[in-house]
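What follows is a set of notes on a single structure, which appears directly below.
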Amino acid sequence: MILRRFLHEKSGILREVPSKDALPDGYNQAMSNEAIAQQLLELAELTDYVGDSPFKSRAYRQAARTLETLQTPIETLAEGGAAALEAIPGIGEAIAEKILAYLHTGAIPKREQLLQQVPRGILEVMAVPGIGAKTARQLHERLGVSDLQSLRNALMSSAASSILGAQKRERLLRLVELKHKSQRRTPLGFALPRGRELLQAIQQLEGVENALLGGSVRRMHEDVGDLDYLVATAQSEQVIEAFVRLPHIAEVYSQGANRAQAFLSDGLQVDLKTVPPQSWGAGMLYITGSKAHSIRLRQRAIEHGLKLNEYGVWRSGECIASDTEEAMYAALGLPWIPPPLREDAGEFEAAEEGRLPHLVQLAQIRGELQSHSTWSDGFNTLEEMAQTAAALGYEYLAVTDHAHMLGANGDPMTAFEQRRREIEELNERLNGRPYLLNAIEVNILADGTPLAPDAMLRTAQLVLAGVHDDHGQPPEQMTQRLLRALEHPAVDILAHPTGRRYGKRPANDADWARIFERARALGKAVEINGYPTRMDPPTPIARMLVESGAWITLGTDAHAVRDLQAMELAVGLAQRAWATPERLLNTRSRDALLRWLSDRRSER
DNA sequence: GCCGTTTTCGGCCCGACTGTTTTCAGTCG
């Protein structure tokens, strides 16, 4: 939504990053990239507020975006000094210096200095949709507005009428109230079904020839700020009018001939953009973004003597491409780039050099490698889980009930044996469609020991190990803990590596490059977890994982039959990490998977 | 503040919507 996107893209106030208190001497690598990005975003906001050059704030924002998508830890690069940082596109002498200052002192001096000059809560005032730097400054200088509360007071009194018209005051008041409902970005797993439901309603509006859910959802971004729709129509105004009247829409922010912005009742923002049918491909490109990707494309157009907008590619006023995305990219001398890669994070260079990855697709997934049943904390029986996996066309389903929950009231090994017999019986009765693997998930204790009886570890067909408590250890300790778990001969897969949970806790800090390299050397796998509130590891770390060359598994962590649908999310995260099918165990047949397991077992 | 096989200075993506102290600037995607 405007509010959340604004906070995310401009000030970064609401990003899930560790608080400053949680960043002592050793920061998490990828997370400190994000922390510095947030500082730069705030610096950009402050720069706008004091009225410094808008090109400066743009440069700060650009650098912040680059840092967010950078998979190499900034500390590692900083070891090469300022010169190494300046080799990153969009980072020059001044920003390199700021990054180094942050790494050494935990603060950017320029940001600290500006914070002294501006009202305390001005960033949250500027986060209200429709209030930018100039308005915020006027509100402060003439009415003493310094935070959200004083903004609300000013809007409700007549004092604000000297600055803002009645319509604008009323609108801002509604948006300030909406802010309470829209504190965070929505995890993709929640946004996707809602977005699709609304898409169906839009597709049924009269005059709609084609409709698409674009934006960060189409790019499979782990969390989304708003839902972006594109509609192809010859009757734009009628479609817009019908759209804002849909029962889903709670509040209309703006409405014009070609675009509408509105809010759902829970504060989620919805944008709808129309294009003439012949501009469908150009519109798709526009609505999908990312912003950084679009800007690179437009710069590229200029370099080729062309112009790119949401209606097509133009040469001296004549449209040379517009109807498909493929044609748009081709007109710019590029192959079609898959949406999950569109972040200006190396996809242009890869496209030019002909090394765009052939991303893994959902249809290539032949089985599920993390699921739970009523034998531990799942809601459905083994048979129900198996039936659903069969309906999804899976060849296999690894039932990874939590080892420490088996036989909670008695002997765990007895329960494990009982479960094994039920699995065998089901495999016979279901004719191996799907084939159930007698697997377990074990907790990794604080010292790296997998928590399960030895006999269980030895006889389970597949062992997942994951951190479930004692989160937030110092990075080196967490690194040792995960390395030790990986080195245990029984462990096959490191599950949900960083432990992050949306709204609950940030990703754990560790030396991921070292951990993934060890996994690779040991021939073990690391999981990309698609459970909607996990989506673990986050994209930059997932991309490190792919680059490490280690084996990868996709798991939904399903605790109920409906959770098995989350494989789409795991695949999306893998795609954003540039994953191809080759190193993904789930793309292997049942026999190939069993061979991988037995090869590993014989090496013990 | 960044960047450059046309440039170390002078550019910096493109378009839509809102409201009016402002017929453009401010704001946003």
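Protein chains get the first letters and strands the later ones, always in sequence-line order, with residue 1 at the start of each. All heavy atoms count here, side chains included; hydrogens, waters and symmetry mates do not. From a predicted model like this one, the values you see are computed outputs, not experimental measurements.
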Taking only residues at least two apart or on different chains, which pairs with a member in residues 85-108 of chain A satisfy salt bridge (charged side-chain N to carboxylate O under 4.0 Å, His left out)?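 Found none.
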
Given DNA chain B, 5'-ward residue of the pair A/Lys168 and A/Arg298, judged by closest heavy atom: A/Arg298

What nucleic acid atoms does [X] come within less than 4.0 Å of, heavy atoms only: base, sugar-phosphate, or nothing?
X        : value
A/Ala301 : nothing
A/Lys134 : sugar-phosphate
A/Gln167 : sugar-phosphate
A/Ile287 : nothing
A/Leu297 : nothing
A/Ala133 : sugar-phosphate

Integer angstrom distance from the [atom1] of [N] to that of [M]:
N      : M      : atom1 : result
B/dG11 : B/dT7  : C1'   : 9 Å
B/dT20 : B/dT27 : C1'   : 15 Å
B/dC17 : B/dT21 : P     : 23 Å

Please check the phosphate of [N] (OP1 and OP2 only) for any side-chain N or O of [X] closer than 4.0 Å.
X        : N      : result
A/Arg300 : B/dC13 : no
A/Lys273 : B/dG15 : no
A/Ser254 : B/dA16 : no
A/Tyr253 : B/dG29 : no
A/Lys291 : B/dC28 : no

Approximate separation, where rounding is to 0.5 Å, of A/Leu192 CG and A/Leu569 CG: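 So the gap between those two atoms works out to 6.5 Å.
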
What I want to check is whether an N or O donor and acceptor connect the side chain of A/Arg259 with the base of B/dC17 at under 3.5 Å. no

Check whether any side-chain N or O of A/Glu222 sits under 3.5 Å from a backbone N or O of A/Thr539 as a donor-acceptor pair, and report yes or no. yes

Set of side-chain hydrogen bond (donor to acceptor under 3.5 Å, both in side chains) partners for A/Glu353, sequence neighbours left out: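 side-chain hydrogen bond (donor to acceptor under 3.5 Å, both in side chains) list for A/Glu353, sorted by chain: A/Arg355.
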
Strand partner of B/dC9, provided both Watson-Crick or wobble distances fall under 3.5 Å: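 Per the H-bond distance test, B/dG4.
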
